[in-house]
Amino acid sequence: MQTPTHAPAYLAVELRLPTNWLDYTILGIYFVVVLGIGFAARRSVRTSLDFFLSGRSLPAWITGLAFISANLAATEILGMAANSAQYGAYTVHWYWIGAIPAMVFLGLVMMPFYYGSKVRSVPEFLLLRFDKGAHLLSSILFAFAAILIAGVNLYALAIVVEALLGWPQWVAIVVAGFFVLAYITLGGLSSAIYNEVLQFFVILAALIPLVVLSLKKVGGWDGLTHTLTQQHGSNFVTAWGGTGIGNANPLGANWLTIVLGLGFVLSFGYWTTNFAEVQRALSARNLSAAQRTPLIAAYPKIFIVFLVMIPGLVAAALVPNIGTSASGLQYNDAIPYLMQELLPNGVLGIAVTGLLAAFMAGMAANVSSFNTVFTNDIWAKYVVKHREDSYYVRFGRLITAVGVLASIGTAFLASSFSNIMAYLQTLFSFFNVPMFVVFIVGMFWKRASMKSGFWGLLAGTTAAMVNYFVIYKQGIIDIPTDQGANFVSAIAGFVAGAVVMAAVSLFTRPKPDEDLQGLVYGTRSPGVAEPAAPGDEAWYRKPALLGWGAVALAALCYIPFSF
């Protein structure tokens, strides 16, 4: 199986779509609506809480759809389709074991701590649990990661628009950056969230016709699996085939690294500490709504895998040498290639709009979380303290513009990866996993000292980077693929962070028990005294039932792919 190449991640030059006036009209209407939502949301922004967390006033179904839309960026659409074209049906692991359990854990276990403590960001929780060292380091690492990930979305947008519509890259970057900047600066998080709800439905409208026509092209699911089995072997169309320890498979990972590296460390690290996601839940109107936010999002997440995996599999069937120089197409080209081949005008306009919506959703999620963390956790805590609330709203708008400009600067760092999802997973192993180990140890071990948070975070980040850049890239240990290396880096970062936290805690003083109330599992649960909103007592709104139902449904989905 072909391992990831390191050619620039441009789309093939011949991928030009026959767009006409109807497609551009649909695109234009979408951009008008996006800015209209920004202007409408501006009227509700009066305080910094309104700007950064929507005044904690949004219903669960809004925050739930925004939660999943913020994740369903075009980097995921292109990246997971690329994953499927490269690795086959193993892509299901990123959803059913690599997302659903962690989303349920966030809703049932972690949201009471986040929401009940009234923090405005994930790093702020570390300030309460540990000390300023852990808080400042996590704030800097998160802000840096948010800009890198926003840059991935912006770069991916530029290469897609250039290839599909013929626009120069700089035009695509400027136009997309302007619209994201405009609607976040105008309406803050409310604008971003309401646009993400719109973008969720636009993305579905783009992907569903593509999946249906793709399957029709290859003779349905049976025709697709028959073709892929002949080309790549039977393991290419199963979830667990060939994942025994010591066996070779397209993913280059065994069941242990899949379960621990992806299913536990990377997954929980991303979904429970990535503020671009958690911020949506923190904007909910009460604790029950905050808990239900990731649980509501888990249900569409279970099935979205089919919308991104099937186009990748079809592309692999139609272009057997995709990802190699012989085909002229990279893995990232899977969805644009099918759009060119299968979609008529009108539907094509919806598909292009869906891709642009997905790019902007992903970029907006990271930029809005960046401006919150930079303003509240860095600027207001350590640079300009104790200013009036209106000052921080103005600064938040300014730093939003800085974040967009910085994203343009980081966009081209993604160009060394033929599979942009591999690049994103690398970033997650560096930045999200170490933060997760600090959270999980601090939340479940009362003895974890104030100083251990900083050193655990530093050790975890360093260990993940050393494993990737030294042990893997220098060939000290042979790991077949970038994704396999990411799983190992995540495990290394988690173990190093936990060991260092334990060691440091033995030699430094813990936080006083009275300061740990509501911050450590088993102490007074924050938010318990909050009365339930009318209607929240209904069985279908109970977080525990929603959560376990999502886990059971995801487990059932594995059955057809396990044999």
Side-chain angles (χ1 to χ4, degrees), residues 53-54 56-72 94-122 125 193 196-197 200 263-304 365 369 432 435-436 439-440 442-444 518-522 525-528 530-533 535-555 557:
L53 285 179
S54 301
R56 296 186 187 268
S57 62
L58 300 179
W61 74 271
I62 290 286
T63 55
L65 290 180
F67 188 99
I68 193 63
S69 182
N71 173 253
L72 190 60
W94 271 267
Y95 290 78
W96 300 337
I97 195 174
I100 303 304
M103 294 168 77
V104 171
F105 183 82
L106 171 64
L108 298 185
V109 177
M110 295 190 73
M111 280 316 302
F113 291 91
Y114 281 143
Y115 196 92
S117 61
K118 299 301 180 185
V119 296
R120 289 182 291 182
S121 70
V122 168
F125 185 87
I193 285 179
E196 284 161 0
V197 173
F200 175 75
F264 176 59
V265 183
L266 271 172
S267 169
F268 279 68
Y270 175 81
W271 289 103
T272 64
T273 68
N274 183 35
F275 188 50
E277 308 294 337
V278 175
Q279 187 182 28
R280 274 75 194 142
L282 289 179
S283 66
R285 62 172 48 148
N286 55 40
L287 175 59
S288 174
Q291 286 190 280
R292 283 183 279 128
T293 293
L295 304 179
I296 290 171
Y299 285 88
K301 184 71 175 176
I302 292 171
F303 301 104
I304 283 171
S369 59
N432 291 102
M435 196 176 296
F436 170 63
F439 264 86
I440 207 71
M443 190 174 288
F444 288 95
L519 301 176
V520 177
Y521 200 79
S525 181
V528 160
E530 178 183 291
D536 280 352
E537 302 86 353
W539 68 266
Y540 56 85
R541 290 186 175 180
K542 293 185 182 297
L545 290 177
L546 284 174
W548 288 114
V551 170
L553 188 56
C557 287

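These numbers were taken from a predicted model, which means no experiment stands behind them.
Every residue was checked against the ring-ring contact (aromatic ring centres under 6.0 Å, His included) condition with F200, not counting sequence neighbours, and none meets it. Residues satisfying the ring-ring contact (aromatic ring centres under 6.0 Å, His included) criterion with F105, sequence neighbours excluded, are F268. I296 meets the side chain to side chain contact (heavy atoms under 4.5 Å, CB included) test with A60, R292; sequence neighbours excluded. Residues passing the ring-ring contact (aromatic ring centres under 6.0 Å, His included) test with F303: none are found, sequence neighbours excluded. Contacts of Y95 classified as side-chain hydrogen bond (donor to acceptor under 3.5 Å, both in side chains), with partners at least two apart in sequence or in another chain: E76. Take T63 and apply the side-chain hydrogen bond (donor to acceptor under 3.5 Å, both in side chains) test, not counting sequence neighbours, and it matches T293.
Looking only at distances, no side-chain donor or acceptor of W96 sits under 3.5 Å from a matching main-chain atom of C557. In this structure, S283 contributes its side chain and R280 its backbone to a donor-acceptor pair below 3.5 Å.
For the pair L553/Y299, a side-chain contact is recorded, criterion being any heavy-atom separation below 4.5 Å from C-beta on. Residues M443 and M110 have side chains in contact (heavy-atom distance under 4.5 Å, counting atoms from C-beta outward). Contact annotation: the side chain of E277 never approaches that of L106 to less than 4.5 Å [non-hydrogen atoms, C-beta and beyond].
T272 and V278 get closest at one heavy-atom pair: O-CG2, 3.8 Å.
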